[in-house]
There are 2 protein chains.
Amino acid sequence: MRFIDNPYQCPVTRTMSIIGGKWKPIIINCLGDKSLRFGKLNQLMPAISNKVLSNELKELEALTLIERTEFQELPPRVEYKLTTAGQSLLPLMHEVAKWGNSHLAKQLENQLH
Amino acid sequence: MRFIDNPYQCPVTRTMSIIGGKWKPIIINCLGDKSLRFGKLNQLMPAISNKVLSNELKELEALTLIERTEFQELPPRVEYKLTTAGQSLLPLMHEVAKWGNSHLAKQLENQLH
DNA sequence: CGGAATCCAGCGGGATACTG
DNA sequence: CAGTATCCCGCTGGATTCCG
C-alpha cells in the first residue's frame with residue numbers, strides 16, 4: 001500500500017510539506033523577481049505578525065528557497081529574494097493564481113443564474 | 001496598496017484560502033477520477049485522524065469541490081468523489097507533483113557533488 | 001462502516017515591549 | 001529597521017468511546 005500522506009511516497013504531499021502552510025506560497029509569490037525588505041513584506045501582509053513572518057522567512061531560507069542579505073548599515077537593512085530553487089516555484093504559483101481567478105469567475109457567473 | 005494576504009485582491013491567497021491547509025490538496029489528488037469510501041481514504045492517509053478527515057471532507061463538500069454519496073445499506077457505505085469544480089484542480093495538482101519530483105531530483109543530484 | 005461526541009494537551013500565533 | 005523575548009490565549013487536532 002502506498003500511503004499518500006507520506007512525502008517519500010507521494011510527490012503532492014512532498015511539495016505541500018515544503019511549501020505548504022499558510023504563508024509560504026504567498027511570500028514566494030510576493031517576492032517574485034524582486035528583492036524586498038522585511039518591513040516591506042510586513043506591509044504587504046498586514047495580517048501576519050512580525051514573529052511569524054520572521055519564522056517563515058527563516059524556514060524558507062533553511063529550505064534554500066530564499067536568500068537573506070544583510071547590509072551593514074544604520075539603520076539596518078535586510079533584503080530577501082528568491083534563490084534559483086525558489087524561482088522554480090514561480091510557474092507553479094502562476095498556475096495557482098490562474099485557478100484562483102477562474103474559480104472566482106465561475107462563482108460570479110453562477111450567481112447570475 | 002494592494003495587500004497580497006487579502007483573498008479578494010490576490011489570486012494566490014484566494015486559492016490558498018480555498019485549498020490550503022494540510023490535507024485538502026492531498027485528498028483532492030488522492031481522489032483523482034476515482035470514487036473512494038471514507039475508510040479507504042483513512043487507510044491511504046494513516047496520519048490523519050477520522051475526526052480531522054471528516055472535517056476536511058465536510059469543508060470540501062461545502063466548497064462544492066467534492067460530492068458525498070450515501071448508500072442506504074447495512075453496513076453503511078459512503079463514497080466521495082470530485083465534482084467538476086474539484087476536477088478542475090487536478091491539472092494544478094499534477095503541476096504540484098511535478099515540482100515535488102523535480103525538486104527531489106535536484107536535491108539528490110546535489111548530494112552527489 | 002462511517003462517523004459524532006467528548007476530553008484534553010500542545011502549540012501556533014497574536015499583542016506588546018524591548019534591543020542592537 | 002529588523003528583528004527577539006515574553007506572556008498567554010485559543011483552537012487544532014489526537015485518542016478514545018459510543019452510536020445508527
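Letters A, B, ... are given to chains in the order of the sequence lines, protein chains preceding strands, and every chain is numbered from 1.
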*When all nucleic acid strands are considered with a 4.0 Å heavy-atom cut-off, which category describes A:Lys58: base, sugar-phosphate, or nothing?*
sugar-phosphate

*Please test A:Val78 against A:Arg37 for side chain to side chain contact (heavy atoms under 4.5 Å, CB included), starting from the C-alpha separation and ending with a verdict.*
CA-CA 6 Å; A:Val78 176; A:Arg37 304 180 62 166; over 6 Å; no

_For a quick test of reading the model: is some side-chain N or O of A:Arg77 closer than 4.0 Å to OP1 or OP2 of D:dG3?_
no

_Any donor-acceptor pair under 3.5 Å linking the side-chain atoms of A:Ser35 with those of A:Glu79?_
yes

*Take atom CG of A:Asn110 as the centre, draw a 6.0 Å sphere, and report whether it contains more than 12 heavy atoms from other residues, nucleotides or ligands.*
yes

*What integer distance in Å separates A:Arg68:CZ from D:dC1:C1'?*
12 Å

*asked:* From the set C:dG2, D:dA2, D:dG14, return the single nucleotide nearest to any side-chain atom of B:Ser49.
replied: D:dG14

*Take atom CG of B:Leu74 and atom C1' of C:dG2, then tell me their distance rounded to the nearest Å.*
12 Å

*Would you indicate which nucleotide in C:dC1, C:dG3, D:dC1 comes nearest to any side-chain atom of B:Ser54?*
C:dG3

*Rounded off to whole Å, could you give me the CG-to-P distance for the A:Leu36 and D:dC1 pair?*
15 Å

_Need to verify one output field. Residue with the more 5' nearest nucleotide on DNA chain C, A:Lys22 or A:Asn50?_
A:Lys22

*Under 4.0 Å between a side-chain N or O of B:Arg37 and OP1 or OP2 of C:dG3?*
no

*Tell me: CD of B:Glu70 to P of C:dG3, nearest whole Å?*
7 Å

*asked:* Go nucleotide by nucleotide along DNA chain C from the 5' end; which of A:Pro76 and A:Glu56 gets its closest nucleotide reached first?
replied: A:Glu56

*Decide whether B:Arg14 and B:Asn6 meet the rule of one side-chain donor and one side-chain acceptor closer than 3.5 Å.*
no

_Whole angstrom value for the distance that separates C1' of D:dA15 from CD1 of B:Ile48_ = 15 Å

*Quickly work out the B:Leu53 CG to D:dG13 P distance and round it to whole Å.*
13 Å

*For A:Gly86 against A:Ile28, the heavy-atom pair lying closest together*: O-CG2, 4.3 Å

*For the pair made of NZ in A:Lys24 and C1' in C:dG13, what is the distance, rounded to whole Å?*
13 Å

*Of all the nucleotides listed (D:dG13, D:dA2, C:dG2), which has the minimum atom distance to the side chain of B:Val52?*
D:dG13

*Rounded interatomic separation in angstrom, taking CD from B:Glu73 and C1' from C:dG2*: 13 Å

*What is the nucleic acid contact for B:Tyr80, judged by heavy atoms within less than 4.0 Å: base, sugar-phosphate only, or nothing?*
sugar-phosphate

_With a 3.5 Å cut-off and heavy atoms only, can you find an N or O donor on one side and an acceptor on the other between the side chain of B:Lys51 and the base of C:dG3?_
no

